Amino acid sequence: MEKISKLLEDKPVVIFSTTSCCMSHTIKSLISGYGANPTVYELDEMSNGSEVERALAELGCNPTVPAVFIGQQLIGGAHQLMSLQVRNQLGSLLRRAGAIWI
């Protein structure tokens, strides 16, 4: 968890992704569509990406990407984010985290 915590510090939205994951691309587009500028860690481009992926799995991320943290809290993957969007809750969550201001 310490590896993940350091990557989350002072960032309202963090997405752990891989460059080849189409669902990760969809989630990045969804969050960016709100005007947020998420910090994105592409695990397949990180030297310690496999360690980070193991840490995400230990936190309960299955699959491990995309893994989305908003306000330093694990929200989950694509299913959880799409559920928030459908219930019209994603925008308010992003506002509370300071990721968007409108």
Side-chain angles (χ1 to χ4, degrees):
M1 179 62 189
E2 189 175 326
K3 278 186 194 340
I4 303 297
S5 295
K6 287 183 181 183
L7 296 172
L8 300 176
E9 283 180 9
D10 302 321
K11 296 173 183 78
V13 181
V14 174
I15 302 171
F16 292 93
S17 174
T18 59
T19 56
S20 61
C21 177
C22 64
M23 288 310 296
S24 292
H25 174 75
T26 301
I27 295 304
K28 288 183 269 189
S29 297
L30 174 63
I31 291 174
S32 295
Y34 276 92
N37 186 19
T39 300
V40 178
Y41 293 106
E42 300 289 358
L43 299 181
D44 55 337
E45 294 181 345
M46 297 172 65
S47 60
N48 66 339
S50 59
E51 293 174 40
V52 173
E53 192 164 7
R54 278 193 297 277
L56 289 169
E58 288 174 12
L59 288 175
C61 298
N62 184 21
T64 53
V65 294
V68 180
F69 289 78
I70 299 176
Q72 290 78 42
Q73 298 295 311
L74 174 63
I75 302 304
H79 178 76
Q80 290 81 8
L81 259 285
M82 296 307 279
S83 293
L84 288 170
Q85 172 69 2
V86 168
R87 292 191 315 253
N88 202 28
Q89 296 173 338
L90 183 55
S92 60
L93 191 60
L94 292 169
R95 276 191 294 284
R96 281 194 305 271
I100 59 175
W101 294 272
I102 296 176

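Note that the structure is predicted; figures quoted are calculated from it, not measured.
Nearest heavy-atom pair across C61 and L74 is SG-CD1, 3.8 Å. In plain terms, the two heavy atoms of G71 and A97 that are nearest each other are N-CB, 3.7 Å. The two residues I4 and A55 come nearest to each other via the heavy atoms CG1-CB, 3.8 Å. In terms of heavy atoms, I100 sits closest to G35 at CG2-C, 3.9 Å. Scanning all heavy atoms of the two residues, the minimum distance from Q85 to L30 falls at CD-CD1, 3.7 Å. Nearest heavy-atom pair across L81 and G76 is CD2-O, 4.4 Å.
Residues L43 and L59 share a single hydrophobic cluster, defined by chaining ILVMFWY side chains whose heavy atoms lie under 4.5 Å apart. Under the 4.5 Å side-chain heavy-atom criterion for ILVMFWY residues, a single connected hydrophobic cluster contains both L94 and V40.
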TODO: Apply side-chain contact (heavy atoms from CB on, under 4.5 Å) to the pair L8 and K11, showing each step before the final yes or no.
DONE: CA-CA 6 Å; L8 300 176; K11 296 173 183 78; 5.9 Å; no

Open item on the list: Go through it in stages, so that I can follow the logic: the residues are D44 and T18, the test is side chain to side chain donor-acceptor pair (under 3.5 Å), and I'd like the CA-CA distance, side-chain angles, deciding distance and then a yes or no.
Closed with: CA-CA 6 Å; D44 55 337; T18 59; 5.2 Å; no

Open item on the list: Between I27 and M82, does the side-chain contact (heavy atoms from CB on, under 4.5 Å) criterion hold? Intermediate values first, please.
Closed with: CA-CA 8 Å; I27 295 304; M82 296 307 279; 4.3 Å; yes

- [ ] For side chain to side chain donor-acceptor pair (under 3.5 Å), just list the numbers for T64 and E53, CA-CA rounded to whole Å, side-chain angles, deciding distance to a tenth of an Å, and then say yes or no.
- [x] CA-CA 6 Å; T64 53; E53 192 164 7; 2.7 Å; yes

TODO: Show the numbers, then the answer: is there a side-chain contact (heavy atoms from CB on, under 4.5 Å) between I31 and K28?
DONE: CA-CA 5 Å; I31 291 174; K28 288 183 269 189; over 6 Å; no

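Classified by interplanar angle (parallel below 30°, tilted 30° to 60°, perpendicular above 60°), the ring pair F16/Y41 is parallel.
Separating the CD atom in E9 from the OG1 atom in T39 is a distance of 12.0 Å, to the nearest 0.5 Å.
The side-chain heavy atoms of Q80 and V68, taken from C-beta on, include no pair separated by under 4.5 Å.
A donor-acceptor contact shorter than 3.5 Å links the side chain of S92 to the backbone of Q89. At distances below 3.5 Å, not a single donor-acceptor pair connects side-chain atoms of S24 with backbone N or O atoms of S20.
Atom CD of E2 has 12 or fewer neighbouring heavy atoms from other residues, nucleotides or ligands inside a 6.0 Å radius. Taking a 6.0 Å sphere around CG of N48, one finds it holds more than 12 heavy atoms contributed by other residues, nucleotides or ligands.
Screening I75, L7, L56, V13 for a side-chain contact (heavy atoms from CB on, under 4.5 Å) involving F69 leaves a single residue, L56.
The pair E58-R54 does not count as a salt bridge, with every side-chain nitrogen at least 4.0 angstrom from each carboxylate oxygen.
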